[in-house]
Amino acid sequence: MSSPEVRQSINGAVAAASPIPVYDLSDYLTLDEVLGSISSKAVLVQYVTSGERFASVGSPGTAGWEEDGIVVLHYVVPSGFGSTTDLNDADAIRLALRGQRLSPNVTIESVEPFTDFGGDATGLYGAAYKGYASNLYYVNRTCG
């Protein structure tokens, strides 16, 4: 689970970059629960993995902690429409996020291009929705 500072920073950044509603999947019990509240398009934020390690940051003897992790961004749209507009809109969000310093400690290292691999083929979003996913990589460095 990502730290509270990371979660607040990333949720705020995604909401600022997105012209459509943003939902943190941590606030829902099932994917069906959040999809039931979506009437058109939405971005779903899913905190997948994180790790932390002791690190020397800066000059010798300056120690701190480095947390890094992956957040999956799901761009969800109603099924039955072409993908060009949606992929362009999703890519605009991606480009607005990558490389951003969100706080003195939290930086978005990179955001992969959105893909629909696994979106419909696995039934993850259900027949009513088409989903595109992107991995967002972050680092949180805290000097001691």
Side-chain angles (χ1 to χ4, degrees), residues 1-58 62 64-144:
M1 185 64 79
S2 302
S3 66
E5 178 183 5
V6 165
R7 297 169 68 81
Q8 290 171 347
S9 297
I10 290 177
N11 284 348
V14 174
S18 175
I20 59 178
V22 175
Y23 298 88
D24 182 344
L25 287 178
S26 301
D27 296 334
Y28 298 88
L29 296 176
T30 67
L31 189 59
D32 289 336
E33 184 181 0
V34 68
L35 291 176
S37 65
I38 296 171
S39 60
S40 60
K41 300 178 180 183
V43 175
L44 312 178
V45 181
Q46 183 179 28
Y47 292 88
V48 191
T49 183
S50 65
E52 183 179 70
R53 68 191 143 286
F54 186 71
S56 291
V57 182
T62 305
W65 294 94
E66 186 171 271
E67 170 192 355
D68 59 6
I70 301 170
V71 177
V72 178
L73 303 177
H74 300 268
Y75 190 92
V76 180
V77 300
S79 293
F81 300 98
S83 64
T84 302
T85 300
D86 295 321
L87 286 173
N88 287 335
D89 293 345
D91 204 49
I93 294 170
R94 178 182 80 87
L95 295 175
L97 292 171
R98 68 179 182 185
Q100 294 295 312
R101 180 174 294 279
L102 305 180
S103 74
N105 298 334
V106 179
T107 303
I108 295 175
E109 296 282 308
S110 64
V111 186
E112 294 177 343
F114 281 83
T115 179
D116 62 352
F117 176 76
D120 288 328
T122 63
L124 178 65
Y125 307 104
Y129 301 98
K130 172 118 176 122
Y132 305 92
S134 170
N135 290 328
L136 178 152
Y137 299 90
Y138 71 86
V139 65
N140 178 16
R141 293 184 181 97
T142 307
C143 295

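Numbers for residues simply follow the sequence, beginning at 1. Any value given below was found using the heavy atoms of this structure, including those in side chains, with hydrogens, waters and symmetry copies removed. Note that the structure is a prediction, hence the values are computed from the model and not measured.
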If the plane angle is over 60° it's perpendicular, under 30° parallel, otherwise tilted; pick one for Y75 and F114. perpendicular
In Å, rounded to the nearest 0.5 Å, how long is the span from CG of N140 to OG of S103? 6.5 Å
Contacts of Y28 that satisfy side-chain hydrogen bond (donor to acceptor under 3.5 Å, both in side chains) - sequence neighbours left out: none
Has D91 got a side-chain atom pairing as donor or acceptor with L87's backbone, closer than 3.5 angstrom? no
Does S110 have any side chain to side chain contact (heavy atoms under 4.5 Å, CB included) partners at least two apart in sequence or in another chain, and if so, which? Y137
Of all heavy-atom pairs between L97 and A13, which one has the smallest distance, and what is that distance? CD2-O, 3.5 Å
CD on Q100 to CD1 on I10, rounded to 0.5 Å: 12.0 Å
Roughly how far, to the nearest 0.5 Å, is the CD1 atom of I108 from the CZ atom of R94? 12.0 Å
By side-chain hydrogen bond (donor to acceptor under 3.5 Å, both in side chains), D89 pairs with (sequence neighbours left out) none
Could you tell me which non-hydrogen atom of V43 sits nearest to which non-hydrogen atom of S18, and how far apart they are? CG2-OG, 3.7 Å
side-chain hydrogen bond (donor to acceptor under 3.5 Å, both in side chains) filter on S83, not counting sequence neighbours, yields none
Looking at residues at least two apart in the chain, or sitting in another chain, which of them share a side chain to side chain contact (heavy atoms under 4.5 Å, CB included) with L25? L31, V34, L44, Q46, H74
Sequence neighbours excluded, the answer for side chain to side chain contact (heavy atoms under 4.5 Å, CB included) partners of T107 is R101, E109, V139
Tell me, please, which residues at least two apart from P78 pass side chain to side chain contact (heavy atoms under 4.5 Å, CB included). K41, F81
Taking the side chain as every heavy atom from C-beta outward, state whether V6 and V71 have any pair of such atoms under 4.5 Å apart. no
List the atom of R7, the atom of S2, and the distance in Å for their closest heavy-atom pair. CD-O, 3.2 Å
For S9 and Y138, does a side-chain donor sit closer than 3.5 Å to a side-chain acceptor? no
Partner of Y47 under side-chain contact (heavy atoms from CB on, under 4.5 Å), picked from L136, V72, N11, is N11
